[in-house]
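A short worksheet on the structure shown next.
Along the sequence shown, the residues carry numbers beginning at 1.
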Amino acid sequence: MQTKAVLTLEDVKKIAAAAEAEAVANGWKVVIAICDDGGHPLWLQRLDGAAPISAHIAPQKARTAALGCRESRVYEELINNGRTSFLSAPQLEGMLEGGVNIVVDGRTVGAIGVSGVKSAEDAQIAKAGIAALGL
C-alpha cells in the first residue's frame with residue numbers, strides 16, 4: 001500500500017497567508033480558495049473589495065487544478081487553441097488561469113485558486129502561496 005502527503009490545516013493557513021500577503025502587497029482585491037486533491041474545499045477567503053463572482057470562480061479554478069493535476073491555465077490554452085471539446089469535460093468548471101496544483105513528491109495533494117485580477121496575476125498570487133510551503 002502506498003502512502004501520500006496530505007495538506008494539514010497548518011499548511012493551508014501558511015498558503016493562505018502568503019497568498020494574501022502577495023495580493024495585499026500589490027493592492028489586488030481577490031478571493032483565495034484552497035482544496036484537497038479531490039477538489040474538496042479547505043479554505044475560502046474573500047479580501048475586502050473583491051467582486052462577489054470571484055467567490056465562485058476561485059474555488060472552481062482550485063478544483064480544476066486539483067482534479068486535473070495541472071494548472072488550470074493548461075485547459076484555457078487548449079480551449080483557446082481550438083480544443084473546445086474540453087468545455088464539456090465533467091467536473092471542470094474553472095478552466096481559466098489562476099488555479100495551481102500543489103505537488104509534493106511528484107503527486108498533487110491539493111490546489112489553490114485565485115480570482116479577482118488579471119489571470120496571470122491570479123496565478124502569481126497562487127504560486128506565492130504555494131512557495132510558503134517551501135515547494
Side-chain angles (χ1 to χ4, degrees):
M1 183 169 294
Q2 295 182 355
T3 58
K4 67 175 185 174
V6 296
L7 292 172
T8 65
L9 180 57
E10 181 180 336
D11 295 330
V12 170
K13 287 180 178 180
K14 283 181 188 175
I15 295 165
E20 178 184 1
E22 181 73 13
V24 169
N26 288 287
W28 295 333
K29 300 169 184 169
V30 298
V31 173
I32 300 161
I34 303 169
C35 67
D36 66 13
D37 59 341
H40 305 99
L42 299 173
W43 187 272
L44 180 71
Q45 180 177 359
R46 182 176 165 194
L47 300 184
D48 292 341
I53 191 65
S54 292
H56 295 280
I57 296 171
Q60 289 302 327
K61 287 180 177 184
R63 181 177 170 83
T64 295
L67 293 177
C69 298
R70 60 186 48 97
E71 288 190 39
S72 56
R73 168 185 56 80
V74 172
Y75 296 104
E76 182 178 17
E77 290 171 353
L78 286 168
I79 292 164
N80 287 344
N81 288 321
R83 286 291 310 269
T84 57
S85 59
F86 267 102
L87 292 171
S88 65
Q91 304 297 316
L92 302 181
E93 297 178 16
M95 294 185 281
L96 303 165
E97 185 175 9
V100 181
N101 58 317
I102 303 165
V103 179
V104 176
D105 296 327
R107 300 180 89 171
T108 294
V109 298
I112 177 172
V114 178
S115 177
V117 288
K118 294 177 183 176
S119 292
E121 295 166 346
D122 289 341
Q124 177 183 328
I125 295 166
K127 290 174 182 177
I130 295 169
L133 294 180
L135 302 175

Same cluster or not: are [X] and [Y] linked, directly or through other Ile, Leu, Val, Met, Phe, Trp or Tyr residues, by side-chain heavy atoms under 4.5 angstrom apart?
X: L44; Y: V30; answer: no
X: I79; Y: L67; answer: yes
X: V74; Y: L92; answer: yes
X: V6; Y: L133; answer: no
X: V103; Y: V109; answer: no

Approximate separation, where rounding is to 0.5 Å, of [X] [atom1] and [Y] [atom2]:
X: S54; Y: D122; atom1: OG; atom2: CG; value: 7.5 Å
X: K13; Y: I34; atom1: NZ; atom2: CD1; value: 11.5 Å
X: E76; Y: N81; atom1: CD; atom2: CG; value: 10.5 Å
X: L47; Y: W28; atom1: CG; atom2: CH2; value: 12.0 Å
X: E97; Y: E77; atom1: CD; atom2: CD; value: 7.5 Å
X: D11; Y: I130; atom1: CG; atom2: CD1; value: 12.0 Å

Is there a side-chain contact between [X] and [Y] (heavy atoms, below 4.5 Å)?
X: Q124; Y: N26; result: yes
X: I15; Y: I32; result: no
X: H56; Y: S115; result: no
X: Q45; Y: V31; result: no
X: D36; Y: L7; result: no

Within the distance-only criterion (no hydrogens, no angle test), does the side chain of [X] pair as donor or acceptor with the backbone N or O of [Y] below 3.5 angstrom?
X: E93; Y: Q60; result: no
X: N101; Y: A111; result: no
X: K61; Y: V114; result: yes

Looking at every non-hydrogen atom in both residues, tell me the closest pair between [X] and [Y] and how far apart they are.
X: A128; Y: A18; answer: O-CB, 3.6 Å
X: S72; Y: A65; answer: N-CB, 4.2 Å
X: G98; Y: A126; answer: O-CB, 4.1 Å
X: A62; Y: G113; answer: CB-N, 3.4 Å

Other than L96, what residues sit in its cluster of Ile, Leu, Val, Met, Phe, Trp and Tyr side chains whose heavy atoms are under 4.5 Å apart, directly or through others?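 Direct or chained contacts put L96 with I53, I57.
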
Between Y75 and R83, a side-chain donor and acceptor under 3.5 Å: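 Looking only at side-chain atoms, R83 and Y75 do not form any donor-acceptor pair under 3.5 Å.
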
Flag yes if more than 12 heavy atoms outside D105 fall under 6.0 Å of its CG atom; otherwise flag no.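 Open: at most 12 neighbouring heavy atoms sit under 6.0 Å from CG of D105.
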
